[in-house]
Structures are given as structure tokens and as C-alpha cells.
Engineer: 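The structure follows.
Count residues from 1 along the sequence.
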Amino acid sequence: MKSLNRTKCFGGNLEFFEHASEQTGTPMRFAVFLPPQSQSQKVPALFWLSGLTCTEENFMQKAGAQRAAAELGLALIAPDTSPRGASIPGESESWDFGLGAGFYVNATQAPWSKHYRMYDYVLVELRELILKNFPIDSARLGISGHSMGGHGALVLGLRNPEVFKSISAFAPIAAPSQCPWGQKALKAYLGENPADWKNYDASELLKTTKFKGEILVDQGTEDKFLKEQLMPEKLESRVKLRMQSGYDHSYYFVSSFIEDHLRFHHRAMMPTGFAK
């Protein structure tokens with residue numbers, strides 16, 4: 001694991017890393033914000049999964065999350081959105097598939113299956129790397145994300161309630177098996193059979209999940225992807241869905257409500273009567 005850049009931020013430290021990933025067979029990058037409390041104790045952590053075209057930098061640069069995270073004593077972990085350097089023919093031809101668009105699945109179809117294993121990368125490899133090298137409390141982990149990353153956060157959280165104690169999302173791709181973005185990606189990564197897509201579709205996972213906590217989802221009403229791609233109504237019966245009037249799909253939207261989400265996760269991770 002190699003440090004690429006480190007800077008002090010709100011009394012804590014923001015650092016960017018690169019390491020050789022066994023899951024993807026490529027170098028992978030991720031960012032970590034450690035709050036000042038981590039200097040003397042283990043702290044809870046929120047994994048943040050970014051959306052299409054993003055890297056490990058977008059959330060840390062644009063969301064404005066570090067101030068509230070420092071106050072709450074909450075670490076922030078942000079991986080990249082896909083492998084880079086796999087040199088698969090065609091992986092950079094479209095913005096919504098391939099590079100920057102790993103969809104947080106374990107691909108089963110060639111040529112993607114060798115490298116595009118973002119589900120196990122986040123759940124297993126990155127989580128173990130974080131717990132081994134940073135003062136993080138393994139019993140207090142949450143997950144959140146935006147757009148494609150919101151889809152990833154819902155899927156990882158719903159499938160692994162023993163790992164993630166809290167789940168939230170901003171403008172997630174709620175039913176990828178029913179929208180153009182998701183159908184394109186799931187067909188290529190997982191094959192032609194829609195039945196194989198259900199394990200990566202939050203609207204399907206909500207029917208059988210053992211996750212018992214509240215799930216927070218924020219969605220802007222002026223999001224240009226709302227009707228055709230995102231379909232938050234598919235989640236409505238099982239999540240706390242807040243339709244935010246006038247907001248779009250950008251990080252202006254994320255930054256407007258990120259503190260709400262950090263406090264939501266902090267409350268969910270803390271013992272009763274202890275959370276702020």
C-alpha cells in the first residue's frame with residue numbers, strides 16, 4: 001500500500017492510497033479521511049461508493065463531508081469505481097460501462113470476470129485492508145453512495161447485514177434490472193439471464209433482506225435521470241425516501257444533505273443513548 005497524498009483537514013487527515021489488488025488484478029486507489037478522534041481510539045467508518053465516471057477523489061473533493069465527520073468522529077472510506085489498467089478491449093468506449101462503471105458486481109462473463117470484481121473488492125479486500133491498517137472499529141461500519149454508488153451501497157448493505165450496520169443512498173439506481181443503465185451493465189457483466197441479476201438489484205433484495213435497520217434515501221425531484229434510470233419508487237415501501245424539491249443529480253445535491261446522512265449513520269452505529 002503506497003500513500004499518494006496526505007493533507008490535514010478539520011483536525012484529521014485525508015490521505016489517498018494505491019495498492020495492488022488481488023481481486024481485480026490491477027492497481028486500485030482509495031481515499032481515507034481519519035477524524036481527530038482516531039489518534040486515540042478506534043472509530044466507526046462509512047464506506048462511500050461513487051457513481052458513473054467518478055474516481056476515489058470526487059466525494060472527498062466535492063461532498064464537503066469532512067467537517068461533520070470530524071465532529072462525529074467518523075472515518076470516511078472512498079474507493080475507485082472500477083479497475084483501471086486491465087486493458088480490456090472496448091472498456092473505455094462508453095461512459096456508462098467499463099472504466100469508471102464497475103457497478104459493484106462480481107462479473108461472471110468474459111472478458112470482464114477476471115478484473116471487474118468490485119463487489120468482493122469492497123466487501124472483502126478493501127474492508128480487510130482498512131481494518132488491518134487503520135484504527136477502525138469493525139463492529140461499526142456503514143455504507144452509502146451516489147447514483148451507481150447508491151446502487152452499490154444498497155446491494156452491499158442489504159446482502160451483508162452482519163457487516164454493515166447502516167445503509168443510505170443518494171439518487172441510487174434502485175432497480176437496475178429494469179433501467180437502461182443497469183440492463184446494459186448487468187447483461188455484459190453477468191450474462192443474458194435476468195434471474196442472475198437479482199442479487200445486484202436493490203428492489204429485489206428488499207423482498208428478502210435480513211437487514212432490520214432504517215434505510216435512508218434522498219432523491220432530487222429535478223434529477224434528469226429520475227424517471228428512466230433511477231426509479232426510487234421501487235424502494236419506497238421499505239426505505240425512508242425523501243424527495244428533495246428542486247435538487248438535481250449533482251454533488252451540489254449530495255453536499256446539501258451529506259451531513260444528514262453522516263448523522264444518520266452515526267446514530268445507527270452507536271449504542272442507544274450514546275449517539276449525537
Side-chain angles (χ1 to χ4, degrees), residues 14 29-33 45-66 68-69 74-82 95-97 99-105 118-119 121-122 126 141-158 164 166-176 179-182 185 200-203 215-235 239-244 246-265:
L14 173 60
R29 293 187 177 189
F30 63 93
V32 178
F33 172 73
L46 179 67
F47 283 74
W48 173 270
L49 306 183
S50 292
L52 291 167
T53 75
C54 290
T55 71
E56 73 286 349
E57 296 182 348
N58 295 72
F59 175 73
M60 294 299 187
Q61 291 179 346
K62 296 181 178 181
Q66 291 91 338
L74 183 63
L76 304 172
I77 317 297
D80 201 350
T81 51
S82 76
W95 66 275
D96 58 352
F97 178 76
L99 282 182
F103 271 81
Y104 304 101
V105 305
M118 290 300 295
Y119 180 91
Y121 173 72
V122 173
L126 179 61
L141 303 179
I143 193 163
S144 186
H146 174 228
S147 194
M148 177 187 72
H151 140 76
L154 291 171
V155 167
L156 279 152
L158 292 170
F164 298 108
S166 54
I167 307 170
S168 77
F170 289 80
I173 303 173
C179 75
W181 278 346
Y200 296 103
D201 187 319
S203 68
I215 300 168
L216 175 62
V217 174
D218 273 325
Q219 172 64 60
T221 62
E222 298 304 309
D223 190 322
K224 65 181 180 180
F225 304 116
L226 175 57
K227 185 176 181 180
E228 182 181 18
Q229 302 284 12
L230 304 179
M231 303 180 183
E233 68 277 3
K234 302 292 184 180
L235 308 175
V239 308
K240 182 178 182 180
L241 176 61
R242 307 192 305 187
M243 298 301 295
Q244 302 291 3
Y247 286 89
D248 60 14
H249 197 71
S250 71
Y251 263 92
Y252 297 112
F253 162 57
V254 173
S255 64
S256 296
F257 300 101
I258 190 62
E259 184 170 346
D260 283 359
H261 282 243
L262 297 184
R263 294 188 182 280
F264 165 82
H265 285 278

Engineer: So which heavy atom on F103 is nearest to which on D96, and how close?
Structural biologist: CE1-O, 3.8 Å
Engineer: Rounded to the nearest 0.5 Å, what separates atom CD1 in I143 from atom CG in L156?
Structural biologist: 4.5 Å
Engineer: Could you check Y104 against Y121 for side-chain contact (heavy atoms from CB on, under 4.5 Å), going step by step and ending with a plain yes or no?
Structural biologist: CA-CA 9 Å; Y104 304 101; Y121 173 72; over 6 Å; no
Engineer: Examine distances only and state if a side-chain atom of S203 and a backbone atom of A175 form a donor-acceptor pair shorter than 3.5 Å.
Structural biologist: no
Engineer: Output all residues satisfying side-chain contact (heavy atoms from CB on, under 4.5 Å) with S256, sequence neighbours left out; order by chain, then residue number.
Structural biologist: Y247
Engineer: What I'd like to find out is whether the side chain of R242 reaches to under 4.5 Å of the side chain of D260, using heavy atoms alone.
Structural biologist: yes
Engineer: Excluding sequence neighbours, so at least two apart, what forms salt bridge (charged side-chain N to carboxylate O under 4.0 Å, His left out) with D201?
Structural biologist: none
Engineer: If we only count heavy atoms from C-beta on, is the I173 to F225 side-chain gap below 4.5 Å?
Structural biologist: no
Engineer: List for me each residue that meets salt bridge (charged side-chain N to carboxylate O under 4.0 Å, His left out) alongside D248, sequence neighbours excluded, and say none if there are none.
Structural biologist: none
Engineer: Would you check if the distance from the ring center of F257 to the ring center of F170 is below 6.0 Å?
Structural biologist: no
Engineer: Taking all non-hydrogen atoms of both residues into account, name the closest pair between L74 and F33 and its distance.
Structural biologist: O-CD2, 4.1 Å
Engineer: How long is the straight-line distance from CG of L52 back to NE2 of H151, given to the nearest 0.5 Å?
Structural biologist: 9.5 Å
Engineer: Residues two or more places apart in sequence or in another chain: which of them pass ring-ring contact (aromatic ring centres under 6.0 Å, His included) with H146?
Structural biologist: H249, Y251
Engineer: Would you give the length of the straight line joining atom CD1 of I77 to atom CG of L141, rounded to the nearest 0.5 angstrom?
Structural biologist: 9.0 Å
Engineer: Are any non-hydrogen side-chain atoms of L76 and M60 less than 4.5 angstrom apart?
Structural biologist: yes
Engineer: Between D80 and R29, does any side-chain N to carboxylate O distance fall below 4.0 Å?
Structural biologist: no
Engineer: One pair to check against side-chain contact (heavy atoms from CB on, under 4.5 Å): K62 and V254. What are the steps and the verdict?
Structural biologist: CA-CA 9 Å; K62 296 181 178 181; V254 173; over 6 Å; no
Engineer: Could you state the interatomic distance from CD (Q66) to CD (Q61), rounded to the nearest 0.5 Å?
Structural biologist: 9.5 Å
Engineer: For the residue pair S144 and H265, what are the closest heavy atoms and their distance?
Structural biologist: CB-NE2, 3.8 Å
Engineer: Please check this pair: side chain of S147 against backbone of G149, looking for a donor-acceptor N/O pair closer than 3.5 Å.
Structural biologist: no
Engineer: Find the distance between CG (L230) and CH2 (W181) and round it off to the nearest 0.5 Å.
Structural biologist: 6.0 Å
Engineer: Does the side chain of S50 reach to within under 4.5 Å of the side chain of T55, using non-hydrogen atoms?
Structural biologist: no
Engineer: Report the residues that fulfil side-chain contact (heavy atoms from CB on, under 4.5 Å) with A169, sequence neighbours left out, ordered by chain and then residue number.
Structural biologist: L154, P172, V217
Engineer: Run the side-chain contact (heavy atoms from CB on, under 4.5 Å) check on Q229 and K224 step by step: do they pass?
Structural biologist: CA-CA 9 Å; Q229 302 284 12; K224 65 181 180 180; over 6 Å; no
Engineer: Please report the shortest heavy-atom distance between V122 and P79, naming the atom on each side.
Structural biologist: CG2-CG, 4.3 Å
Engineer: Looking only at heavy atoms, what is the nearest atom pair of F253 and G220, with distance?
Structural biologist: CZ-N, 3.7 Å
Engineer: Using the ring-ring contact (aromatic ring centres under 6.0 Å, His included) criterion, which residues pair with Y200? Sequence neighbours excluded.
Structural biologist: Y119
Engineer: For L46 and L262: C-alpha separation, side-chain torsions, deciding distance, then whether side-chain contact (heavy atoms from CB on, under 4.5 Å) applies.
Structural biologist: CA-CA 8 Å; L46 179 67; L262 297 184; 3.6 Å; yes
Engineer: Could you tell me the separation between the CD1 atom of I215 and the CG atom of L241, rounded to the nearest 0.5 Å?
Structural biologist: 11.5 Å
Engineer: Could you pull out the closest heavy-atom pair between Q219 and A171, with the gap in Å?
Structural biologist: OE1-CA, 3.2 Å
Engineer: Could you check if a side-chain atom of D218 sits within less than 4.5 angstrom of a side-chain atom of H261, using non-hydrogen atoms only?
Structural biologist: yes
